[in-house]
Chemist: 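Supplied in structure tokens, the structure appears directly below.
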Number of protein chains: 2
Amino acid sequence: MSKHTIAIVDDHLLFAQSLKSLINTFDDFEVIHHALNGKIFIDDLKNKTELPKIVLMDLNMPIMDGLETTKYLNKHYPNIKILALSMDDDENSILKMIKNGAKGYLLKDIHPNILKEALYGLINEGYYHSKMVSDTLVHSLHPSAEKKINLLDRELEFLKLASTEMTYKEIADVMHLSPKTIDGYREQLFKKLEVKNRIGLVVYALKNNLV
Amino acid sequence: MSKHTIAIVDDHLLFAQSLKSLINTFDDFEVIHHALNGKIFIDDLKNKTELPKIVLMDLNMPIMDGLETTKYLNKHYPNIKILALSMDDDENSILKMIKNGAKGYLLKDIHPNILKEALYGLINEGYYHSKMVSDTLVHSLHPSAEKKINLLDRELEFLKLASTEMTYKEIADVMHLSPKTIDGYREQLFKKLEVKNRIGLVVYALKNNLV
DNA sequence: TTAAAAAAGGGGGAAAATCCCCTTTTTTAA
DNA sequence: TTAAAAAAGGGGATTTTCCCCCTTTTTTAA
């Protein structure tokens, strides 16, 4: 039966050719295309009769980078599975790629066996998330530790209510307090969280998952 | 060499005992403890000399549920790996457990081989994320599709600025518009997004990753 | 070509938020 | 036991937000 087809999008010719040679030694996979950047790749796709099943996507490329290309493919060719392949190991790059449709993210310094395993993962499960990616996803659920400020119980209660559409009078009623006490809490939290107004409080609360 | 020790925290006795029997047939694992809820389990931990390496944690339990217990264990026994085991397959439950330290999340209707695979994953990789969990994590990066409302360019620009601590007058200056035009955009967005005030706009913007 | 939508702007007034000053009582920590 | 923090509350003035009414011009879509 026919092999799973792969395209490589990477601006480093030697790396791409070497990668192609490696993948072509895998039993069930075959590189059918290589483009030096995203724009060339997309232009080529329009002229091709056979689409690849998997695209190995570099991130840093001239003219059209991996992120933009991933967004485009996700939208126009949703059946193509994208596996990011990059030198970048920072969380932001990983999250952006996954968020925009990449089904896996590998660093370029991995063992070839991991690449093979990832390719099979994409075919069989539809995704391949290494520990690095999983950890990054889990970590993205949490706010930055350094921004966490210790809030008293009543302050937190007020902050949660302040992050709703209630007026301060309504909040006072709910907390069984005088509106003037609410004024006090508000000023106290403005100072504590170093914000200028209620909008600042809401942004802090949401970004720190307090509501 | 000794087997990897496991504790089961689940309020259904028959299920827990059956699970114990199953796991005790696995070569490298041994159930050394069972508690009917989180509180009993924590009390038992304090009196035990041998801690389990893995805890299979139900979610819905009386007195002290799986989430509270996971938070406590993550804080006080960070080396214990928690694998959530639940009937609940909703995203919120999954995210809460992973966010609070669970290293995996399985539904109770899985094949025993998956459980075994998960246990090995916890021991070897430190986590086990099935496709369900991975998909949930990836999905959590995105806002709800059904809540996404099409915004005009200027509306979006205004919304982003409205989610800062700027006054409407300041925003008008930045957008080179009259404050009255800003008033118009505000009312327009209140209607469009079905919110009552600026706080509602901010919450919408942040929850939909527009800023 | 016409109608609708988008983009811009206005008056006026009430309600809410912010900001400055201040107080007392209870609880907690040293 | 004492001091500090937390928790509660007050006056009053200014600024900002919200809400109701309305307008014209340009761009887009039918």
Chemist: Side chain of A:His139, backbone of A:Asp135: donor and acceptor closer than 3.5 Å?
Modeler: no
Chemist: Scan residues 177-192 of chain A against DNA chain D and write down, sorted by residue number, each residue with any heavy atom closer than 4.0 Å; if none is found, say none.
Modeler: A:Leu177, A:Ser178, A:Lys180, A:Thr181, A:Tyr185
Chemist: Would you check if the side chain of B:Asn74 reaches a backbone N or O of B:Thr70 as a donor-acceptor pair within less than 3.5 Å?
Modeler: no
Chemist: Search all heavy atoms of A:Lys103 against all heavy atoms of A:Leu122 and return the closest pair with its distance.
Modeler: CB-CD2, 3.5 Å
Chemist: Between B:Glu155 and A:Lys169, who's closer to the 5' end of DNA chain C by nearest nucleotide?
Modeler: B:Glu155
Chemist: Can you tell me if B:Arg154 uses its side chain to pair, donor with acceptor, with the backbone of B:Met175 under 3.5 Å?
Modeler: yes
Chemist: Rounded to the nearest Å, what distance is computed from the CG atom of residue B:Asp173 to the P atom of nucleotide C:dG9?
Modeler: 12 Å
Chemist: Looking only at non-hydrogen atoms, find the nearest pair between B:Leu189 and B:Leu159 and report the distance.
Modeler: CD1-CB, 4.3 Å
Chemist: Can you check whether A:Ala205's main-chain N or O pairs, donor with acceptor, with A:Asn209's side chain at less than 3.5 Å?
Modeler: no
Chemist: Taking the six-membered ring where the residue is Trp, are the ring centres of B:Tyr128 and B:Tyr105 under 6.0 Å apart?
Modeler: no
Chemist: Provide, to the nearest angstrom, the distance between the CZ atom belonging to A:Arg198 and the P atom belonging to C:dA15.
Modeler: 18 Å
Chemist: Decide if the gap between the ring center of B:Phe41 and the ring center of B:His33 is smaller than 6.0 angstrom.
Modeler: yes
Chemist: Nearest-Å distance, CG (A:Leu161) to P (C:dA17)?
Modeler: 13 Å
Chemist: Mind calculating the distance between CG (B:Leu156) and P (C:dA7) to the nearest angstrom?
Modeler: 12 Å
Chemist: B:Ile199 CD1 to D:dC18 P: how many Å, rounded?
Modeler: 8 Å
Chemist: Should the pair B:Arg198 and B:Phe190 be classed as cation-pi, given the thresholds of under 6.0 Å to the six-membered ring centre and 45° from the axis?
Modeler: no
Chemist: What is the distance from CG of B:Asn197 to C1' of C:dA14, rounded to the nearest Å?
Modeler: 16 Å
Chemist: Counting side-chain heavy atoms from CB outward, which of D:dA7, C:dA7, C:dA16 is closest to B:Leu152?
Modeler: C:dA7
Chemist: For A:Tyr168 and D:dT15, give me the distance from atom OH to atom C1', rounded to whole Å.
Modeler: 14 Å
Chemist: Without decimals, in angstroms, what is the distance between B:Arg154 CZ and C:dA5 C1'?
Modeler: 16 Å
Chemist: Bend across the helix from C:dT1-D:dA30 to C:dA30-D:dT1, to 10°, with axes taken over 5 pairs at each end?
Modeler: 70°
